[in-house]
Chemist: 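Please read through the structure below; I'll follow up with questions.
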There are 2 protein chains.
Amino acid sequence: MSAPQDCPGCAAPDLAFAAHDHAHCAQDALARAEALTATTGARLTPVRRRVLEILLEEHKALGAYDVLARLATEGFGNQPPVAYRALEFLVEQGLAHRIQRLNAFTACVHPGEDHAPAFLICRTCHTVAEAEATAARAALDTEAARTGFQVERSTIEALGLCPNCRGQA
Amino acid sequence: MSAPQDCPGCAAPDLAFAAHDHAHCAQDALARAEALTATTGARLTPVRRRVLEILLEEHKALGAYDVLARLATEGFGNQPPVAYRALEFLVEQGLAHRIQRLNAFTACVHPGEDHAPAFLICRTCHTVAEAEATAARAALDTEAARTGFQVERSTIEALGLCPNCRGQA
DNA sequence: TGTATGTATGTAATATCATAACACGTCAAG
DNA sequence: CTTGACGTGTTATGATATTACATACATACA
Ligand SMILES: [Zn+2]
Ligand SMILES: [Zn+2]
Ligand SMILES: [Zn+2]
Ligand SMILES: [Zn+2]
């Protein structure tokens, strides 16, 4: 596991649209996940680890049943709770995120770092990039506070065209 | 139909948590919806209008099947497409919004006005307030632009505690 | 070592959310 | 009065998610 700055892709993982060494990108995220769970005591069991690997294969979101199909062919259980439980674990540990618009899940690109993520979803190539949403989240908190509402969890997602697909249009 | 400033609740409809004359609030939104569809030529038929009325009863989000159950008792069709089609129409016309986190729908509190909505969802009383998200949306657009991504539609939702429920905790 | 306890996994059944495909009725244009 | 667009209704099916219960497996500790 190398330091983030060794890898352009990993140093700025919100640039999922840019060409980058994704094998490294995925390995790095997995290594971070292992390090993180080791410190928290959370158990990254074989199913859970495998689900994370599957999510890390691409910067896309996978539905629970897509993940389940993969697991089933690899000898794990083939009933929905198998996938949903592993995904729930990953989300709770901050190793994956749920994309509400897609009813699907994507691996977190910088697990362990406290971050407010937004997700940029390309409607053409279905790439999902995790972007920095600190400013948007702050704006949301501020607006909510005006009404006395206290934000606990936020969902910030954008649907549109990624730079690659824009070029082709 | 009175001007917005005549009604404290309607003038600041993002204050759904505050006590307000909700009958007026709902009537006003319905009147605006009628005016809007009259100008655009969209047909606010009986089912569609009734669905909007149902959504306007409370500042909550209703699932398609909740709406459908209501329609069925009133002599409309009782199959899912009846509800989904009416809801889809309302969303397209900007008379209702879909709440992604809840797989549910809520009436728009200021139809016809161009607005970037965020939704504040109380996890206790399930009230859904439509808040102003221009700032959050701008922050999202800016961050997306850094990666060359062009935002077409955004989902900005917050889950938390409304002022009333905070008081009771 | 044996046993209790908590946690993870597997499975069956079911619940919830959403759409495809087709039939029928209405209304306005030609 | 026919055609075509649109809205509504219905059947059937697909997609997403959870509940409940059974089984395996790890750890703690008598
Ligand atoms: Zn990558
Ligand atoms: Zn794309
Ligand atoms: Zn109101
Ligand atoms: Zn509340």
Side-chain angles (χ1 to χ4, degrees), chain A residues 33-34 37-38 40-55 60-93 95-106 121 126 155 157, chain B residues 33 37-38 40-55 60-93 95-106 121 126 128 155 157:
Chain A
E34 282 173 341
T37 53
T40 64
R43 295 171 54 192
L44 190 61
T45 62
V47 213
R48 292 167 174 176
R49 188 191 151 107
R50 188 71 194 108
V51 170
L52 181 55
E53 287 171 358
I54 290 169
L55 292 181
K60 307 230 149 132
L62 284 181
Y65 280 75
D66 297 328
V67 169
L68 179 58
R70 293 285 302 275
L71 291 178
T73 66
E74 298 175 12
F76 295 101
N78 71 340
Q79 297 302 313
V82 173
Y84 279 103
R85 284 193 289 229
L87 289 165
E88 181 187 32
F89 169 86
L90 294 174
V91 170
E92 275 171 0
Q93 300 301 317
L95 305 177
H97 299 286
R98 180 177 187 123
I99 309 300
Q100 301 286 352
R101 267 196 103 94
L102 302 177
N103 292 327
F105 302 83
T106 193
I121 308 162
H126 306 117
T155 298
E157 298 173 0
Chain B
T37 52
T40 64
R43 295 172 54 191
L44 190 60
T45 62
V47 213
R48 293 167 173 176
R49 188 192 151 105
R50 188 70 194 111
V51 170
L52 180 55
E53 288 172 358
I54 290 169
L55 291 182
K60 308 228 150 133
L62 284 181
Y65 279 74
D66 297 327
V67 170
L68 179 59
R70 293 286 302 274
L71 291 178
T73 66
E74 298 175 13
F76 295 100
N78 71 341
Q79 298 303 313
V82 173
Y84 279 103
R85 284 193 291 229
L87 289 165
E88 181 187 31
F89 168 86
L90 295 174
V91 170
E92 275 171 1
Q93 300 301 315
L95 305 177
H97 299 287
R98 180 180 186 118
I99 310 299
Q100 301 286 352
R101 262 196 109 93
L102 302 177
N103 292 328
F105 301 83
T106 193
I121 307 162
H126 306 118
V128 173
T155 299
E157 298 173 359

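Computation of the quantities below employed the complete heavy-atom set of this structure, encompassing side-chain atoms and omitting hydrogens, waters and symmetry-equivalent molecules. The sequence lines fix the lettering, A, B, ..., with proteins before strands; numbering per chain opens at 1.
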Chemist: Do we count B/Y65 as stacking onto C/dT16 if the rule is ring centres under 5.5 Å and planes under 30°?
Modeler: no
Chemist: Taking the side chain as C-beta and beyond, is there a heavy-atom pair between A/T37 and A/L95 under 4.5 Å?
Modeler: yes
Chemist: Give the rounded distance in Å between these two atoms: CG of A/L68 and P of D/dA15.
Modeler: 14 Å
Chemist: To the nearest angstrom, how far is A/L62 atom CG from D/dA15 atom C1'?
Modeler: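 Computing the A/L62:CG to D/dA15:C1' distance gives 15 Å.
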Chemist: According to the Watson-Crick and G-U wobble definitions, with both distances under 3.5 Å, which nucleotide is paired to D/dC29?
Modeler: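 C/dG2 is the nucleotide pairing with D/dC29.
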Chemist: As a quick check of understanding, evaluate side chain to side chain contact (heavy atoms under 4.5 Å, CB included) for B/I121 and B/R101, giving each step before the final call.
Modeler: CA-CA 9 Å; B/I121 307 162; B/R101 262 196 109 93; 4.2 Å; yes
Chemist: Identify which nucleotide among C/dA20, C/dT11, D/dC6 has an atom closest to any side-chain atom of B/R43, counting heavy atoms from C-beta outward.
Modeler: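 Closest nucleotide among those given: D/dC6.
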Chemist: So, A/Y84 and D/dT18: ring centres less than 5.5 Å apart, planes less than 30° off, yes or no?
Modeler: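 Answer is no, no stack.
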Chemist: Nearest of D/dT11, C/dT9, C/dT11 to any side-chain atom of A/Q79?
Modeler: C/dT11
Chemist: May I ask which nucleotide in the shown strands pairs with C/dT14, Watson-Crick or G-U wobble, both distances under 3.5 Å?
Modeler: D/dA17
Chemist: Can you tell which of D/dT10, C/dT9, D/dT16 lies closest to the side chain of A/V47?
Modeler: C/dT9
Chemist: Over all strands shown, is A/R48 touching base, sugar-phosphate only, or nothing at heavy-atom distances under 4.0 angstrom?
Modeler: sugar-phosphate
Chemist: Of A/A64 and B/F89, whose nearest nucleotide on DNA chain D comes first from the 5' end?
Modeler: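 It is B/F89, whose closest nucleotide lies nearer the 5' terminus.
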Chemist: Check the distance between C/dA12's C1' and A/N78's CG and give it to me in whole angstrom.
Modeler: 11 Å
Chemist: To the nearest Å, how far apart are B/E88 CD and C/dC17 P?
Modeler: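 After rounding, the reported distance stands at 18 Å.
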Chemist: Any side-chain heavy-atom pair from B/T106 and B/L55 closer than 4.5 angstrom?
Modeler: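 SC-SC contact between B/T106 and B/L55 ruled out.
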Chemist: Would you say a side-chain N or O of B/N103 is under 4.0 Å from OP1 or OP2 of D/dT16?
Modeler: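 No, outside the criterion.
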Chemist: Tell me, with the steps shown, if B/Y84 and B/F89 meet side chain to side chain contact (heavy atoms under 4.5 Å, CB included).
Modeler: CA-CA 9 Å; B/Y84 279 103; B/F89 168 86; over 6 Å; no
Chemist: Please report, rounded to the nearest Å, how far the P atom of D/dT10 is from the CZ atom of B/F76.
Modeler: 12 Å
Chemist: If you take all heavy atoms of A/A83 and A/V67, which pair is closest and at what distance?
Modeler: CB-CG1, 4.4 Å
Chemist: Need one value for A/R85: base, sugar-phosphate or nothing, where a base atom within 4.0 Å counts as base even if backbone is also close, heavy atoms only.
Modeler: base
Chemist: Tell me the interatomic distance from B/L87, atom CG, to D/dG7, atom C1', rounded to whole angstroms.
Modeler: 15 Å
Chemist: Rounded to the Å, how far apart are B/F105 CZ and C/dC17 P?
Modeler: 10 Å
